[in-house]
Amino acid sequence: MRDYEEVTAFLGEWGRFQRLVFFLLSASIIPNGFNGLSIVFLAGTPEHRCAVPPGANLSEEWRNASIPLELRGGVTEPSRCRRYRLAVLANLSALGLRPGSDVQLAELEQEPCLDGWEYSRDVYRSTIVTEWNLVCDNDWKGPMSTSLFFVGVLLGSFISGQLSDKFGRKNVLFSTLAMQTIFSFIQIFSTSWEMFSVFFLLVGMGQISNYVAAFVLGTEILGKSIRLLFCTLGVCIFYAFGYMLLPLFAYFIRDWRMLLLALTLPGLLCIPLWWIIPESPRWLISQGRFQEAEDIIRKAAKINKVTAPDVIFDPSELQDLSSQRQQTYTILDLMRTRNILTITIMSVILWMIISVGYFGLSLDTPNLHGDVYLNCFLSAVIEVPAYIISWLLLRNLPRRSRALSILLVMLGKFGITSAFSMVYVYTAELYPTVVRNMGVGASSMASRLGSILSPYFAYLGAYDRFLPYILMGSLTVLSGILTLFLPESYGMPLPDTIEQMLLVKGLEYRPASSAKRNSKEEEENPEIFKSTAF
């Protein structure tokens, strides 16, 4: 029997059809780049102080002294959340007393901002923070909006694969693109923080679903020599291009509703792609729809200007996987042996830490010194060389050495971006075929938990500017140490069964009972990998 790669080999690897699919699918990822981190500007927090109403009967001198000073970041600045009690100030002002000389301000009673806040317009004209006063006692709501977005990403990553397997890659790709665009548009008309956050969660669900669908569609249509290029330089760099557009849009559009509108409209440009991007022939074959798959391949042959054979897909020649009796595996098989359990735990920790580092650094750009728009742009630009270097490393260097680049997070976004693109490939190489999808899926879900936590790492910067970096740096050092114990997968065939998995370093492998001795010997015999093919 010939497999799909052999049957479609006449198309070539990099014809006009493959280039078209490569660039159009990559381009569909661009909106994900600016929608995913738009909260950096939508929820930007400008400098603010308690508002003093015009009818407070205060002299100009007392009005200027109505806000107490506090030490923040080693600098004495006006308080953001407290003011002196206005009734007391009005009495002192009426008596003609002067602040500082006649009255010691430190001894005066204080009160919260009962009349709202005054916001600086130097950086933002309006954000959801200024619209709904998400400061002081409500300052947790900004990070909560971001976390809810990543909850949507978690839910979307959980269901997108199942939907894609059932309804097709193309259908899920475009329906979730529509979902992301429509709910982003509805967000513009939000009347409360609660409404904004609920729709932001739904946007997160759509975003990850179309990302995964485009990722899978590209890997199934493109040949194996182009897949690695698509997964790194294609998808990832176009995501970075979208990320670079975000600060450019935000610089010229300082109102959050108009900014969100500008970020939503590019989604409409994906509509014509419906008539250009095909369904995955592999998926159609798995559904028994051979004629539709053959029509797509014949059209691809015409675009590539090659001659297709008279019969492309012969159902009797293709492997019918559904007819094969295969053992059923569950999530519990990721914990069946000490070896796979150790790899699962390490993978979950690695993915979670990398996600915390990536999104923590990305979301923390407004807190850095200097211009917030320039900082965000530089954070996006640095991803491009990181992805290029990741691609080169994935082609040429051992996997475990590459995973140690997680430590580079202490040098900033460059290292953590490289680590993020590498860990996808490394994790897939560690797990055997029978549980590979579950293993990568479990690790990916752990990364979503990390992204949910990441806004609060940036939030800690309000209390201590260096605390987020100390925590993220410590965690990434831990993850770097963990990679030293993971097995090396470079140059090794992909394992098919749990018994063929590479062994974690440092574990004591005890002899198995007689009933399990054969499978245990296979697990501990490295020669088996030389005869195992994927």
Side-chain angles (χ1 to χ4, degrees), residues 39-146 189-197 254-259 366-369 371-372 455-456 458-465 467:
I39 197 68
V40 168
F41 298 103
L42 298 178
T45 304
E47 285 298 321
H48 53 277
R49 54 185 285 179
C50 292
V52 178
N57 295 323
L58 297 178
S59 65
E60 190 64 25
E61 195 173 17
W62 276 105
R63 183 177 293 275
N64 293 336
S66 61
I67 306 298
L69 299 178
E70 62 183 19
L71 192 65
R72 190 164 60 246
V75 180
T76 301
E77 296 180 353
S79 174
R80 294 173 175 173
C81 301
R82 305 289 293 178
R83 70 184 183 187
Y84 293 118
R85 191 175 181 86
L86 293 188
V88 174
L89 298 189
N91 291 333
L92 296 173
S93 178
L95 293 173
L97 300 176
R98 301 182 63 188
S101 56
D102 299 326
V103 178
Q104 294 300 319
L105 295 177
E107 299 175 358
L108 295 180
E109 185 181 355
Q110 297 182 13
E111 63 184 4
C113 301
L114 302 178
D115 299 294
W117 288 262
E118 295 176 355
Y119 296 97
S120 169
R121 307 293 177 185
D122 294 340
V123 179
Y124 310 104
R125 183 181 302 169
S126 74
T127 67
I128 64 170
V129 171
T130 63
E131 177 119 356
W132 297 306
N133 292 323
L134 308 183
V135 292
C136 299
D137 291 342
N138 289 320
D139 62 354
W140 57 272
K141 291 184 177 180
M144 177 60 73
S145 295
T146 310
F189 305 98
S190 298
T191 57
S192 65
W193 169 77
E194 290 79 7
M195 178 179 174
F196 175 91
S197 298
R254 305 291 179 105
D255 177 82
W256 77 267
R257 293 183 191 271
M258 296 307 297
L259 173 60
N367 298 324
L368 299 176
H369 294 294
D371 185 85
V372 60
Y456 292 96
Y459 178 69
L460 291 173
Y463 299 95
D464 188 304
R465 190 66 205 92
L467 185 57

[X] [atom1] to [Y] [atom2] distance, which is reported to the nearest 0.5 Å:
{"X": "Leu71", "Y": "Glu77", "atom1": "CG", "atom2": "CD", "value": "9.0 Å"}
{"X": "Ser66", "Y": "Leu58", "atom1": "OG", "atom2": "CG", "value": "7.0 Å"}
{"X": "Leu42", "Y": "Asp255", "atom1": "CG", "atom2": "CG", "value": "10.0 Å"}
{"X": "Met144", "Y": "Asn138", "atom1": "CE", "atom2": "CG", "value": "12.0 Å"}

Query raised in the report: Should the heavy atoms of other residues, nucleotides or ligands under 6.0 Å from CG of Asp137 be counted, would the total exceed 12?
Result: no

Report task. For Arg121, look at atom CZ and say whether over 12 heavy atoms of other residues, nucleotides or ligands are found less than 6.0 Å away. Result -> yes

Are [X] and [Y] close enough that some pair of their side-chain heavy atoms sits under 4.5 Å apart?
{"X": "Pro78", "Y": "Leu69", "value": "yes"}
{"X": "Leu86", "Y": "Pro53", "value": "yes"}
{"X": "Leu114", "Y": "Arg83", "value": "yes"}
{"X": "Cys50", "Y": "Ile67", "value": "yes"}
{"X": "Val372", "Y": "Phe41", "value": "yes"}
{"X": "Thr45", "Y": "Val135", "value": "yes"}
{"X": "Pro99", "Y": "Leu105", "value": "yes"}
{"X": "Val103", "Y": "Tyr84", "value": "no"}

Query raised in the report: Cys81 and Cys136: sulfurs closer than 2.5 Å?
Result: yes

Check: [X] side chain, [Y] main-chain N or O, donor-acceptor pair, under 3.5 Å:
{"X": "Ser93", "Y": "Ala90", "value": "no"}
{"X": "Trp193", "Y": "Leu134", "value": "no"}
{"X": "Thr127", "Y": "Gly44", "value": "yes"}
{"X": "Trp117", "Y": "Arg80", "value": "yes"}
{"X": "Arg82", "Y": "Pro68", "value": "no"}

Query raised in the report: At their closest point, which heavy atom of Val88 faces which heavy atom of Leu108, and how far apart are they?
Result: CG1-CD2, 4.2 Å

Query raised in the report: Which heavy atom of Thr191 sits nearest a heavy atom of Met195, and at what distance?
Result: N-SD, 3.5 Å

Query raised in the report: Mind checking whether Trp132 and Phe196 have parallel, tilted or perpendicular rings, split at 30° and 60°?
Result: tilted

Requested in this report: Assign the ring pair His48 / Tyr119 to parallel, tilted or perpendicular, where the plane angle (0 to 90°) is split at 30° and 60°.
Outcome: tilted

Query raised in the report: Below 4.0 angstrom, N of the basic side chain to O of the carboxylate: do Arg257 and Glu131 qualify?
Result: yes

